[in-house]
Amino acid sequence: MIWEEKTLKDVCELIYGKGLSKRNRIRGEYPVYGSAGIVGSHQDFLVHGPGIIVGRKGSVGTVYYEKRNFYPIDTVYYVVPKDAVDIRFLYYVVKSLNLYNLNTDSAVPGLNRNVAYEQIVKLPNIAIQSKIANVLSPYDDMIENNLRRIRLLEEEALCHYELMIKRKSMNPKTPMQYGIVITGKTPSTKNSTLYGIDIPFIKTPDMHDQVFIENTQQNLSIEGANSQKTKFIPPYSLCVSCIGTAGVVGITSKTSQTNQQINSIVFSNPDYAYFFYFAMKKAKEQLEALGSNGATFTNVNKSKFESMPIMCPDEEDMVEFAEKVKLRFDLILNLQRQNDKLREARDILLPRQMNGEIEL
């Protein structure tokens with residue numbers, strides 16, 4: 001099996017997406033892609049699917065495959081293949097390049113197109129490309145199917161939440177009335193022994209597109225976590241981003257710590273996490289207003305966060321709500337873990353396929 005060595009520029013074009021602010025989006029059937037994935041929908045599209053999207057600003061080097069027509073905004077590139085390239089195979093080629101290592105902007109993470117174009121790729125003939133894509137794509141299809149199930153389960157739980165807040169008596173309460181608030185902290189990055197594989201270290205990007213915070217880009221060692229023992233948060237705590245991008249919400253599934261951009265509620269009753277998961281997602285604008293102070297950079301400190309008013313039902317109603325949605329959240333966590341296993345299997349196979357090490 002002969003593989004030809006080329007540059008990425010030889011096999012595709014990276015084309016800038018087009019600006020589309022939130023206020024100009026009209027909800028529709030076409031997904032809108034930013035560097036962190038789908039960020040909304042629109043009634044019109046820019047690119048015919050299937051297509052490939054690459055993060056250009058922010059979440060640099062992320063790679064997505066979209067079967068539908070879609071709208072890539074100006075924080076991404078979309079990929080146009082050249083002749084004799086299977087687009088699904090090209091997706092795996094681009095994914096295998098680990099473009100996130102090519103960040104060329106120290107202030108705001110950025111992927112320079114010319115630097116990306118210089119990356120070396122190996123291509124077999126079109127028939128082999130299709131065969132490799134057929135081996136790898138079932139993993140992504142199963143992952144996408146699980147993600148659809150997760151979205152449906154979350155939507156079902158949200159319907160229960162919205163029904164409850166319409167029917168029950170609601171009164172303003174504060175997060176500190178339901179537990180304690182812990183603001184995270186970052187151990188010294190100059191001491192490498194504080195970082196390792198032991199304790200998840202949650203940052204805001206780890207919370208995107210996950211109900212449960214299962215995976216983190218960085219972990220602390222036992223030594224690092226114990227250097228700030230008051231910052232541990234147990235499973236079924238609620239993490240809320242409060243600096244920079246406010247209002248990103250996730251539930252811990254493991255004992256973890258976070259950085260200083262996140263305030264976490266450690267509940268006196270873990271069942272409260274289900275209600276507050278939706279309540280805090282609904283409070284995004286409130287958090288942004290609370291942390292603005294006329295500045296462009298949002299910052300909701302601990303005292304502001306723990307005393308912010310949230311409309312809450314009686315505690316008995318929260319527990320009743322938890323009983324209705326707990327099974328759905330358990331299924332979501334199981335599906336997230338299934339996807340982790342699928343990604344792990346695919347990512348072990350991916351470089352071996354891309355290097356021609358496995359005979360088809």
Side-chain angles (χ1 to χ4, degrees), residues 1-17 33-38 47 49-67 70 72-106 108-126 128-141 143-144 205 208-209 215 217-218 339-340 342-358 360:
M1 185 163 58
I2 299 174
W3 292 63
E4 189 176 358
E5 199 170 88
K6 297 187 175 185
T7 65
L8 187 62
K9 187 175 183 179
D10 294 329
V11 299
C12 69
E13 289 183 75
L14 301 177
I15 300 177
Y16 288 94
Y33 272 88
S35 61
I38 295 175
V47 181
I52 303 165
I53 303 98
V54 178
R56 182 179 73 86
K57 286 287 185 183
S59 299
V60 169
T62 50
V63 185
Y64 308 98
Y65 183 84
E66 179 54 68
K67 296 178 182 177
F70 61 95
I73 61 173
D74 52 2
T75 60
V76 303
Y77 301 112
Y78 63 94
V79 180
V80 176
K82 297 186 177 178
D83 294 340
V85 181
D86 179 293
I87 191 166
R88 191 72 193 233
F89 175 80
L90 181 59
Y91 162 70
Y92 293 113
V93 168
V94 176
K95 195 172 182 64
S96 70
L97 292 175
N98 298 326
L99 295 175
Y100 51 80
N101 290 325
L102 302 181
N103 176 23
T104 56
D105 192 330
S106 58
V108 178
L111 175 64
N112 183 287
R113 181 166 56 176
N114 291 328
V115 174
Y117 275 154
E118 294 171 0
Q119 304 310 299
I120 302 298
V121 300
K122 294 180 179 179
L123 262 67
N125 64 49
I126 192 72
I128 298 299
Q129 291 178 29
S130 298
K131 285 183 179 181
I132 290 174
N134 289 338
V135 169
L136 293 171
S137 60
Y139 291 93
D140 287 308
D141 291 342
I143 290 168
E144 181 54 39
H208 287 290
D209 302 319
N215 300 298
Q217 296 176 5
Q218 196 170 42
N339 276 357
D340 289 341
L342 288 166
R343 291 187 186 100
E344 183 181 356
R346 179 200 63 194
D347 292 346
I348 289 171
L349 196 58
L350 180 60
R352 299 181 67 190
Q353 293 276 18
M354 292 298 103
N355 291 328
E357 294 175 13
I358 299 177
L360 295 171

In plain terms, say whether Asp140 and Lys67 are close enough for a salt bridge, that is, a side-chain N and a carboxylate O under 4.0 Å apart.
no
Does a side-chain heavy-atom distance below 4.5 Å link Tyr92 with Gln353?
no
If you look at every heavy atom in Asp209 and Ala36, which pair is closest and at what distance?
OD2-O, 3.1 Å
Please examine the side chains of Val54 and Leu111, heavy atoms only from C-beta on, and report whether any two atoms are closer than 4.5 Å.
yes
Which residues pass the side chain to side chain contact (heavy atoms under 4.5 Å, CB included) test with Tyr64, sequence neighbours left out?
Tyr33, Ile53, Thr62
What pair of heavy atoms forms the shortest contact from Gly51 to Ile87, and how long is it?
CA-CD1, 4.0 Å
Taking only residues two or more places apart in sequence or in another chain, which ones pass side chain to side chain contact (heavy atoms under 4.5 Å, CB included) with Asp340?
Glu214, Asn215, Arg343
Could you pull out all donor-acceptor pairs under 3.5 Å where a side-chain atom in residues 117-126 meets a protein atom, sequence neighbours excluded?
| from | atom 1 | to | atom 2 | distance (Å) |
| --- | --- | --- | --- | --- |
| Tyr117 | OH | Leu14 | N | 2.9 |
| Gln119 | NE2 | Val115 | O | 2.9 |
| Asn125 | OD1 | Ala127 | N | 3.1 |
| Asn125 | OD1 | Ile128 | N | 2.9 |

On a heavy-atom basis, the closest approach of Val76 and Gly34 is CG1-C, 3.3 Å
Do the side chains of Val11 and Pro81 get nearer than 4.5 Å, heavy atoms only?
no
One should read off an interatomic distance between Tyr91 OH and Asp86 CG, to the nearest 0.5 angstrom, of 13.5 Å
Contacts of Tyr77 that satisfy ring pair (Phe, Tyr, Trp, His ring centres under 6.0 Å) - sequence neighbours left out:
Tyr16
According to side chain to side chain contact (heavy atoms under 4.5 Å, CB included), who are the partners of Glu4, at least two apart in sequence or on a separate chain?
Lys6
Heavy-atom distance under 4.5 Å between the side chains of Arg56 and Ser35, does that happen here?
no
Between Leu90 and Cys12, is any pair of side-chain heavy atoms under 4.5 Å apart?
yes
Minimum heavy-atom separation for Val60 to Tyr100, with atom names?
O-CB, 3.2 Å
Do Arg113 and Lys9 have side chains that approach each other closer than 4.5 Å (heavy atoms only, starting at C-beta)?
no
List for me each residue that meets ring pair (Phe, Tyr, Trp, His ring centres under 6.0 Å) alongside Phe89, sequence neighbours excluded, and say none if there are none.
none
Using atom types as modelled and distance alone, determine if a side-chain donor or acceptor of Ser59 lies under 3.5 Å from a backbone N or O of Gly55.
no
What's the separation between atom CG in Asn114 and atom CG in Leu102, rounded to the nearest 0.5 Å?
12.0 Å
Given the rule in the side-chain contact (heavy atoms from CB on, under 4.5 Å) test, do Arg346 and Ile143 qualify, once you have shown the distances and angles that lead to the verdict?
CA-CA 10 Å; Arg346 179 200 63 194; Ile143 290 168; 3.9 Å; yes
How many angstroms lie between atom OH of Tyr139 and atom CG of Asn339, to the nearest 0.5 angstrom?
13.5 Å
CG/Leu136 to NZ/Lys95 distance, rounded to the nearest 0.5 angstrom?
11.0 Å
